[in-house]
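Let me begin by presenting the structure, written as structure tokens, before commenting on it.
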Amino acid sequence: MHIGIPKETRDGETRVAATPETVKKYLGGKHTVVVERGAGDAARYPDDAYEAAGATLGSTQDALGAELVLKVRAPSPTELPQMKSGAVVIGMLDPFDAQGIEQMAAAGLTGFALEAAPRITRAQSLDVLSSQANLAGYKAVLLAAHHYGRLIPMMMTAAGTLKAARAVVLGTGVAGLQAIATAKRLGAVVEASDVRPAAREQVESLGAKFIDVPFETDEEREIAEGKGGYARAMPPGWMARQAALVSERCKQADIVITTALIPGRPAPTLVSADTVAAMRPGSVLVDLAVERGGNCPLSEKGQIVEKHGVTIIGLTNLPGLVATDASALYARNVMDFLKLIINADGALAIQRDDEIVAACLVCEGGNVARRT
Ligand code: NAD
């Protein structure tokens, strides 16, 4: 197939959907590859590295006009008209953005949104949510450490002892667990909360303390178990008990990292404005859920702000701050997904009965794919 790698155009997007490493593998698999000039610049993959891997360099139009287009973000309204009807596009296409998917369908594209892949063992190597959330969790702690005006580890020096920083991590999926591990490595004392009962063991295995919000009814427990590993919205009673406990823990904390998400819904509020007002001056909150409304109402999307003496970091694309590694992992995720829609001869052969393929397909033949 003829594969196009355009330069990402969304504001602040530094990642690229293919690296020289994956391009080389595509070329060994009976494909041709055109990379838009400068596509990898922001991720530190220069044009000559793609050329050395065997790709052709081209214009925006050349890359977007390919029969298979590999993207990080969904095509924008300016990119869509440059794509060919019938082409296949793969990326983080935001499967819950109904309008965006309709526009791709109207452009005649076959779209695969990799975020929609099921959380099953076979899908791990193409799981973009995991590969990117892991980096976001790591970077969130480093950002917090940078903005926190004090040290993280306990230090015993001849001039006296400094206490270890206290970190609270709310939401312990992929990003939260990496945040715990990173904060522990830096020497923080860490506590964490999640709705899913299974999270306790994972939190404790990393050496952090689990903030226990007991279930008062069977219904609460059943909702908390979630579906497919994902959390569901908890009843107001449980949320109120969690808020009270979280508020107490945040008041003692120096660093708070929030990552709580519920698929297809706004992020739950976990740290209220009152809680922020009661936090220690100089403490730092990183809200990784800000793109979905945030876990704290005082977070501002894309901004670093100070409220009540607390630095609140609402940057939206943390993996983009480590674009070289984020692109390397993302590009391998994409390459793994392609194995499900391309046959050994290098031709398009979409395995529609494959549950990963079926889950990721968002539009085809002018229509929006039916979501289950
Ligand atoms: P996510 O990004 O959707 O959400 C982040 C975390 O927020 C989740 O752990 C969720 O339970 C939690 N959360 C939601 N509401 C909350 C609340 N009110 N309070 C506290 N926490 C709350 O999660 P994710 O990182 O995408 O992981 C989702 C699930 O998928 C996890 O169970 C994870 O272990 C699992 N997973 C499985 C695989 C696999 O088997 N292939 C790969 C990756 C992740």
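Remember, it's a predicted structure, so these values are computed and weren't measured experimentally. Residue numbers run from 1 in the order of the sequence given. When a ligand or atom number is given, it counts from 1 through the structure's own listing order.
Looking at Arg15, Arg73, Lys71 one by one, the single match for salt bridge (Lys or Arg N to Asp or Glu O under 4.0 Å) with Glu8 turns out to be Lys71. For the side-chain contact (heavy atoms from CB on, under 4.5 Å) with Ser193, the lone residue among Lys209, Gln242, Arg200 that qualifies is Gln242.
With a 4.0 Å heavy-atom cut-off, ligand 1 is reached by no atom of Leu129. Residue-level proximity to ligand 1 for Met234 is absent, since no heavy atom of it falls below 4.0 angstrom. Of all the heavy atoms of Asp127, the ones lying under 4.0 Å from any atom of ligand 1 belong exclusively to the side chain. Contacts between Ile120 and ligand 1 below 4.0 angstrom, taking non-hydrogen atoms only, involve the backbone exclusively. Of the heavy atoms in Ser130, only side-chain atoms (C-beta onward) come closer than 4.0 Å to ligand 1.
Scanning the protein for heavy atoms near atom 41 (N) of ligand 1, the closest one is Gln124 CG, 3.1 Å. Of the protein's heavy atoms, Arg196 NH1, 4.4 Å lies nearest to atom 34 (O) of ligand 1. Of the protein's heavy atoms, Leu261 CD1, 3.7 Å lies nearest to atom 2 (O) of ligand 1. The protein heavy-atom contact nearest to atom 36 (N) of ligand 1 is Arg119 CG, 3.7 Å. Shortest contact from atom 20 (C) of ligand 1 to any protein heavy atom: Gln242 NE2, 3.3 Å. In terms of protein heavy-atom proximity, atom 7 (O) of ligand 1 is nearest to Ala260 CA, 3.2 Å. The nearest protein atom to atom 31 (C) of ligand 1, hydrogens excluded, is given as Gly229 O, 3.4 Å; this is a heavy-atom distance. For atom 25 (O) of ligand 1, the closest non-hydrogen atom of the protein is Val174 N, 2.7 Å.
Remark: ligand 1 and Asp194 share an N or O pair separated by less than 3.5 Å (distance only, no angle test).
Atoms of ligand 1 lying under 4.0 Å from at least one heavy atom of Val195, given by number and element, are 11 (O), 16 (C), 17 (C), 18 (N), 19 (N), 20 (C), 21 (N). Near Met239, meaning under 4.0 Å from one of its heavy atoms, ligand 1 places the atoms 18 (N). In summary, the atoms of ligand 1 found under 4.0 Å from a heavy atom of Leu270, numbered by their order in the structure, are 17 (C), 18 (N), 19 (N). Those atoms of ligand 1 with a heavy atom of Tyr230 less than 4.0 angstrom away are 3 (O), 26 (O), 28 (C).
Considering only residues two or more places apart in sequence or on other chains, Asp41 meets the salt bridge (Lys or Arg N to Asp or Glu O under 4.0 Å) condition with none of them.
Contact annotation: the side chain of Lys7 never approaches that of Thr60 to less than 4.5 Å [non-hydrogen atoms, C-beta and beyond]. The shortest distance between side-chain heavy atoms of Arg122 and Asp354 falls below 4.5 Å. Side-chain atoms of Asp336 and Asn333, non-hydrogen and from C-beta on, never get closer than 4.5 Å to each other.
For the residue pair Ser130 and Arg119, a side-chain donor N or O sits within less than 3.5 Å of a side-chain acceptor on the partner. Side-chain atoms of Thr9 and Glu79 include a donor-acceptor pair closer than 3.5 Å.
Summarising the hydrophobic clusters (Ile, Leu, Val, Met, Phe, Trp, Tyr; side-chain heavy atoms under 4.5 Å, direct or chained), the residues clustered with Val168 are Leu170, Val195, Ile211, Val213, Phe215, Ile223, Met234, Trp238, Met239, Leu245, Val246, Val256, Leu270, Val271, Val276, Met279, Leu285, Leu298, Val305, Val310, Ile312.
Remark: side-chain polar atoms of Asp62 are paired, donor with acceptor, to backbone N or O of Ser59 under 3.5 angstrom. Panel note: side chain Lys84, backbone Gly65; a donor-acceptor pair is recorded below 3.5 Å.
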